Amino acid sequence: MREDLTQRRFIEETYRIISTEGREALSIRRLARDMHCNSANIYRYFKDLDELVTYASLRYLTAYLGDVAVCYAKSETTYQTHVAVWDCFSRHAFANGPIFDNLFFGHHSRMLNDIIKNYYAMFPEDLSGLSPSIANIFSEGSFNNRDYLMISRCVDEGWFTEEDAKFLNSFSIHLFLGYLKELLQKEPSEKLSKSYHDDFMAALVKIMDSFRLK
């Protein structure tokens, strides 16, 4: 097999097609044609096209993680950081609804821990703006566990009780998923994505503020 047909190259080319032409433009045949190889080469690294798309979708998190690094630098408390990270995440997620839906709730989402571990081993530069402790949080594949690792820092600083943090962890994810699924049923537009982001954050902050201890 050609030396340039690496797992990283397949991910980069898949991301290029999706980001420039949309998910519907991607197929195993199209990818093999663009990379001048046999389709069998792709299956050497990936179980199916959906798994490859999941890997490529992680590239959409790069801009989000850059914003997260800024959030941590600007926020003075863990509560402010928690709200700011949700703000960053929901803004990017609603702007790229199908990608984020597939990534965190799609067919291969249960294998996301392993996929993320492999991905960042290939693309360590995507985490370069984060401290090691924060990078560990965002290397967590479970959406539920990732959010709880964030909100548990608020518990440690006395913003929430542990019981309330567990409730807010579950509530936040279900609230986000409800907004995302509703958005996916509509014709996408930048204005609509912003509207859903603003409405979601207003609802989330209102609920979290009602549980704050300080």
Side-chain angles (χ1 to χ4, degrees), residues 3-21 23 26 31 35 42 45-46 50-106 108-154 156-157 169 172-173 176 180 193 197 201:
E3 291 184 1
D4 63 320
L5 293 176
T6 62
Q7 191 174 24
R8 177 175 174 131
R9 280 289 297 116
F10 282 121
I11 293 169
E12 290 173 334
E13 185 62 20
T14 298
Y15 173 77
R16 184 193 67 78
I17 295 172
I18 293 175
S19 62
T20 58
E21 301 179 45
R23 171 63 177 83
L26 182 70
L31 186 59
M35 295 191 67
I42 301 170
Y45 295 113
F46 306 99
D50 283 343
E51 184 183 39
L52 174 53
V53 169
T54 301
Y55 270 95
S57 295
L58 286 168
R59 302 229 75 184
Y60 281 86
L61 296 185
T62 305
Y64 158 62
L65 292 176
D67 287 349
V68 165
V70 174
C71 290
Y72 273 89
K74 289 184 176 180
S75 300
E76 297 179 358
T77 68
T78 54
Y79 178 76
Q80 289 177 346
T81 301
H82 188 64
V83 172
V85 169
W86 262 114
D87 183 76
C88 289
F89 179 79
S90 59
R91 177 161 42 84
H92 285 276
F94 293 141
N96 299 281
I99 295 293
F100 277 70
D101 182 48
N102 176 70
L103 185 58
F104 290 102
F105 307 107
H108 286 287
S109 60
R110 291 185 178 182
M111 297 183 292
L112 199 53
N113 266 331
D114 290 337
I115 291 174
I116 284 178
K117 181 180 178 180
N118 292 337
Y119 176 86
Y120 287 123
M122 287 183 281
F123 298 92
E125 64 271 20
D126 285 7
L127 295 175
S128 61
L130 301 176
S131 68
S133 61
I134 303 305
N136 285 337
I137 292 176
F138 291 95
S139 296
E140 168 62 53
S142 166
F143 194 67
N144 182 78
N145 291 347
R146 177 185 293 216
D147 182 64
Y148 189 72
L149 286 171
M150 288 290 302
I151 202 170
S152 64
R153 294 161 63 91
C154 297
D156 294 339
E157 288 194 2
N169 172 229
S172 300
I173 292 170
F176 167 77
L180 178 62
S193 296
H197 161 263
M201 285 305 302

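If you're wondering where the values come from, they're calculated on a predicted model, not measured in any experiment.
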From [X] [atom1] over to [Y] [atom2], what is the distance, rounded to the nearest 0.5 angstrom?
X    : Y    : atom1 : atom2 : value
N144 : N169 : CG    : CG    : 4.5 Å
T78  : E157 : OG1   : CD    : 3.5 Å
L61  : L127 : CG    : CG    : 9.5 Å

| field | Salt bridge present between D50 and R23 (N-O < 4.0 angstrom) | value | yes

Between [X] and [Y] (judged by ring centroids, cut-off 6.0 Å), do the two rings come close enough to count as a pair?
X    : Y    : result
F143 : F105 : yes
F100 : F94  : no
Y15  : F123 : no

Closest non-hydrogen atom pair, [X] against [Y]:
X    : Y    : answer
L180 : G97  : CD1-CA, 3.9 Å
C88  : D67  : SG-CB, 3.7 Å
W86  : D147 : NE1-OD1, 2.9 Å
Y60  : I99  : CD1-CG2, 3.6 Å
E125 : M122 : OE1-O, 4.3 Å

| Residue of the set H92, H197, H82 for which side chain to side chain contact (heavy atoms under 4.5 Å, CB included) holds with D87 |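 For D87, the side chain to side chain contact (heavy atoms under 4.5 Å, CB included) check succeeds only for H197.
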
| Looking just at side-chain N and O atoms, do R59 and Y119 make a donor-acceptor pair shorter than 3.5 Å? | yes

| message | Measuring only between side-chain heavy atoms, which start at C-beta, is Y64 closer than 4.5 Å to V85? | response |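 Sidechains of V85 and Y64: in contact.
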
| request: Decide side chain to side chain contact (heavy atoms under 4.5 Å, CB included) for L31 and L52; before the verdict, give the C-alpha distance in whole Å, the side-chain angles of both, and the deciding distance to 0.1 Å. | output: CA-CA 11 Å; L31 186 59; L52 174 53; 3.3 Å; yes

| task | List for me each residue that meets side chain to side chain contact (heavy atoms under 4.5 Å, CB included) alongside A84, sequence neighbours excluded, and say none if there are none. | result | C71, S75

| said: Is there a salt bridge (charged side-chain N to carboxylate O under 4.0 Å, His left out) between E12 and R8? Walk through the geometry before answering. | reply: CA-CA 6 Å; E12 290 173 334; R8 177 175 174 131; 3.0 Å; yes

| task | Answer yes or no: is there a donor N or O on one side and an acceptor on the other, between the side chain of Q80 and the main chain of E76, under 3.5 Å? | result | yes

| request: For the residue pair F89 and F104, categorise the inter-ring angle as parallel (less than 30°), tilted (30 to 60°) or perpendicular (more than 60°). | output: perpendicular

